[in-house]
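Here's the structure, in structure tokens; my notes come after.
Just follow the structure's listing: the first ligand is 1, and inside any ligand the first atom is 1. These figures come from a predicted structure and were not determined experimentally.
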Amino acid sequence: MSEETTATCTWSREDLSVERVATADLPTEWGDFKIAGYRSRTTDEEFIALYKGDLQPEIPTLVRIHSQCLTGDVFGSLKCDCGKQLNRTMQIINEEGRGAIVYQQQEGRGIGILNKIRAYALQDQGADTVEANQLLGLAVDSREYRQCAEILYDLGLCQVRVISNNPLKLQALEEAGLKIVERISIEVDSAQPAARYLKTKKEKMGHLLELKPNVDSSSPFK
Ligand SMILES: [Zn+2]
């Protein structure tokens, strides 16, 4: 990649704190993708990038940072909408023929799967997502997105159309030097148990969600 094409992004490749380990083809139910494995040079964190098409810095490209949610992504949990968001994003990128997803392996907004199950146990007793983390003495959100932004850059991107409802991710991508040309909100039909979780996300965590009236009115927590 020549210097001119990356002029609007602030890094040089040598400054990246992540490195690509391997890339392979990954045919999926939602289309054919490439999968790349990255590791952090500064921590023991590993990342996955799923991408498709010719990625060029001057072409505004669909991207998503998806945070791992074992319960939602793998088990089809109805307590959140993560799995549906991931699958919907893969469909959108497949239809577009170009795009990238960085899969960040920071389960439960960085608290880990065991603490997440502890938090779910507290939610069974009436706490919401934020209150449960506070009761466990854990940060509500301990994720950092800088390295996810670096991966998008390493894949060849600079101008991005971000599929996200999370203002912290948008801010982090921008601070990292990527140019956000569009935010695409993603709303999937959520099952009833997710309604309260989504309401907490919107009201306590600043997510940019338009909750559907039927979701809102059915919630006992108005
Ligand atoms: Zn989830």
- Task: Provide the protein N, O or S atoms situated under 2.8 Å from the Zn ion (ligand 1); waters are not included.
- Result: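 For the Zn ion (ligand 1), the protein N, O and S atoms that sit under 2.8 Å away are Cys69 SG, Cys80 SG, Cys82 SG.
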- Task: Not counting sequence neighbours, which residues clear side chain to side chain contact (heavy atoms under 4.5 Å, CB included) with Asp128? List them please.
- Result: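 Partners of Asp128 under the side chain to side chain contact (heavy atoms under 4.5 Å, CB included) test: Val130, Glu131, Arg196, Thr200, Lys204.
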- Is it true that the side chains of Arg88 and Gln91 contain a donor and an acceptor less than 3.5 Å apart?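 Yes, side-chain donor-acceptor contact under 3.5 Å.
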- Task: Could you point out which residue of Glu107, Lys79, Lys116 forms a side chain to side chain donor-acceptor pair (under 3.5 Å) with Thr71?
- Result: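 In the set Glu107, Lys79, Lys116, the residue that makes a side chain to side chain donor-acceptor pair (under 3.5 Å) with Thr71 is Lys116.
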- Are Asp32 and Lys52 ion-paired here, with the side-chain N under 4.0 Å from a carboxylate O?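 No.
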- Task: Flag the pair Arg39 and Glu45 as a salt bridge only when some basic side-chain nitrogen lies within less than 4.0 angstrom of an acidic carboxylate oxygen.
- Result: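 Result for this pair is no, no salt bridge flagged.
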- Query: side chain to side chain contact (heavy atoms under 4.5 Å, CB included) between Asn87 and Trp30: does it pass, once the steps are laid out?
  - Reply: CA-CA 7 Å; Asn87 296 341; Trp30 295 280; 3.4 Å; yes
